[in-house]
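Order of the sequence lines sets the chain letters (A, B, ...), proteins ahead of strands, with each chain counted from 1. Please read these numbers as outputs of a predicted model, since none were measured by experiment.
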Amino acid sequence: MEELQKSSRKAFIKQTLYLVGFGALANTPVKVLANAKPKVLSILHTNDWHSRIEPFPSADKKLGGKGGAAARASFIAKCRKEKGEILLLDAGDIFQGTPYFNFFGGELEYKLMSEMGYDCVTLGNHDFDAGIPGLLKQLPHAQFDIVNANYDFSKSPLKEKVQPYKIYRKQGLKIGVFGLGIALDGLVPAKLYGEIKYNDPIQVANKMAETLKWKHKCDLVICLSHLGYKYNSTKVCDEILATQTAHIDLIIGGHTHTFLPEPVFYTNVINKKVCVNQVGWAGLQLGALTYTFEPFVNTVKEPTSSVSELINLEN
Amino acid sequence: MKRKMRKLVSVSLLFLLCACQSNFHLVKLSHQSVSIMPDTGVLLDQTVLRIIEPYKLKLDSQMNQRIMVASQDLVKENPEGSLGNMVCDELMQYAFAKGLQVDLCVLNSGGLRIPTIYKGDIYISTIFELLPFDNELVVLDVTGDQLEAFLNVVAANGGWPVSGIRMKIGNTKAQDIQFTNGKPFEHQKVYRLLTSDYLAGGGDMASMLKNPLNYESVSVMLRTALN
């Protein structure tokens, strides 16, 4: 990211470095292999594009000239050039907000995201604004995966078009990505979302994260969430999701259009750190997280005693 | 030698068996938020501009028409703001011009999608961005009780754009409801509420509007009525 920072002379880029601080490490003795190189993965993310294809109109005193798909694409391409394989994600509400959606139904948004090389997105409530047929019509333009695990699509034409999760292999790492969507009843007119059934995101998230971490042995488990960062109520949100689940490493959020100045860390039910980030809306910001991993040999994994016993026998 | 080999195999096999988690552990996480600004020194992506161009040409021909001039900044605010007032007042005027009898107009705050319309020219594109949803105008006949329950939703949300009515919010409930034409609010009366088909369908938790005494489609989108 140094190059990116150099190119933008002003203080528009905030950079923070989180050294270790990931609970898992503090109590797990590890022996790093001497000759193995660390693996570095850059994750770029957006949320709530809301059909912002062009920069904000110049008449807008606060946002005029900011944003725009062409500038966004340029940053992404630059990062890809510097870092090689990256993971590019979006947390939903790609559609709705400018006449581009009213006139072209999301076709251009999906085409541009495909051109930018998005890997995976989840569905926001406004992605249903043209109804299920409207969404289906745009899917051929989406050269990326769409994930959601807590909407039951079994009776919806979206069945098999949206997957609960996807696994990506980037920079020699295995990354599991699953999606969570907000309750649609009372938010989206029923005629628009049709036969989709909403399931409890916490239960689903625990199941998904466990599957990705243990069955698929992912190095990193990411949740693309359109639940919203936080509410003045007990309504399920990213904060609740982070603290009431296990095995999620990173939650990339959306819906509440929250500009988090930096990622927020929570402690989950198994006392491990979960990173939550959200970058506002309209493509005004691009979140960039760089994870560094080192290979390890875990010397005290169960069953500890049989390891030592066997070695003794062999001697 | 053979024994040594066997030992190695056994040990690595055990590691494999034990490797129920990933083979890597996280040691560092760094973060940036890159603001997408015109002066961040990054050139615009030419391929993206080329993809946008034909769509933009089609839109610009229709969207860049000036339809209104704002004599002041119009701001979206709770419980009341000049932007919400303007929209609801305009919709009331539209209804009256169509010969519709209506007592009040209420929209949800979340339906207005830009925070400010600045003093100066207002283009069709501005109205699309303000009211992007394809919601249509409807007139609902509701009982005084239904209306009060709905106004409690308005109050619980900190106040929504209204026209034709005045009220106070206390303990997240609607209080001192009065019509701007001077008539008092009465529980047993039937009122004609101008609103969006989104709220009429129970959107934003306005479920009490799902069973009105009468539902009348105006068959015009909110933004079209505003033009």
Where on B/Gln46 is there a heavy atom nearer than 4.5 Å to chain A: the side chain, the backbone, both, or neither? neither

Residue B/Met205 versus chain A: region with a heavy atom under 4.5 Å: both

Any cation-pi pair here, A/Arg72 with A/Phe75, using under 6.0 Å and within 45°? no

Whether A/Lys272 and A/Asp249 form a salt bridge (side-chain N of Lys/Arg under 4.0 Å from carboxylate O of Asp/Glu) is what I want to check. no

Would you say the ring centers of A/Tyr110 and A/Phe104 fall short of 6.0 Å from each other? no

Less than 6.0 Å separating the ring centroids of B/Phe128 and A/Phe103? yes

Regarding B/Gln146 and B/Tyr191, is there a side-chain donor-to-acceptor distance under 3.5 Å anywhere? no

Among A/His45, A/Lys62, A/Lys174, the residue with the most heavy-atom pairs under 4.5 Å to chain B is A/Lys62

When the 4.5 angstrom heavy-atom criterion is applied to A/Ala69 and chain B, the contacting part is both

Exercise: do B/Ser217 and B/Ser219 side chains pair donor with acceptor under 3.5 Å: no

Tell me, side chain or backbone of B/Tyr198 under 4.5 Å from chain A's heavy atoms, or both, or neither? side chain

Using a 4.5 angstrom heavy-atom cutoff, name the option from B/Leu131, B/Ile52, B/Thr116, B/Ile114 with the most pairs to chain A. B/Ile52

Chain B contact via A/Leu112 - side chain, backbone, both or neither, heavy atoms under 4.5 Å: side chain

Most heavy-atom pairs under 4.5 Å with chain B, out of A/Asn102, A/Thr98, A/Leu284, A/Leu173, belong to A/Asn102

Which bit of B/Arg223 is near chain A, if near means a heavy-atom gap under 4.5 Å: side chain, backbone, both or neither? side chain

Ionic contact status for B/Arg192 with B/Glu216, cut-off 4.0 Å: yes

Using the side chain to side chain contact (heavy atoms under 4.5 Å, CB included) rule, pick out the option among B/Ile122, B/Ile117, B/Leu222 that qualifies with B/Leu130. B/Ile117

Go through A/Val279, A/Leu260, A/Asp185, A/Leu187 and name the one with the most non-hydrogen pairs under 4.5 angstrom from chain B. A/Leu187

Between A/His126 and B/Phe133, is the ring centre distance below 6.0 Å? yes

Quick one: what part of A/His247 sits under 4.5 Å from any heavy atom of chain B, side chain, backbone, both or neither? neither

Option in A/Glu107, A/Gln96, A/Glu115, A/Met116 with maximal non-hydrogen atom pairs under 4.5 Å from chain B: A/Gln96

In terms of heavy-atom contacts, A/Gly97 and A/Arg52 come closest through O-NH2, 4.1 Å

Heavy-atom closest pair, residues B/Pro79 and B/Ile169: CB-CD1, 4.2 Å

Heavy-atom contact with chain B under 4.5 Å, split by part of A/Phe259: neither

B/Lys56 portion near chain A, given a 4.5 angstrom heavy-atom threshold: both

Turns out that what part of A/Pro99 lies under 4.5 Å from chain B's heavy atoms comes down to both

Engaged part of B/Tyr123 at the chain A interface, taking heavy atoms whose separation is under 4.5 Å: neither

Considering only heavy atoms, which portion of B/Asp121 lies under 4.5 Å from any heavy atom of chain A: side chain, backbone, both, or neither? neither

Select, from B/Lys58, B/Lys119, B/Glu129, the one with the greatest count of heavy-atom pairs under 4.5 Å involving chain A. B/Glu129

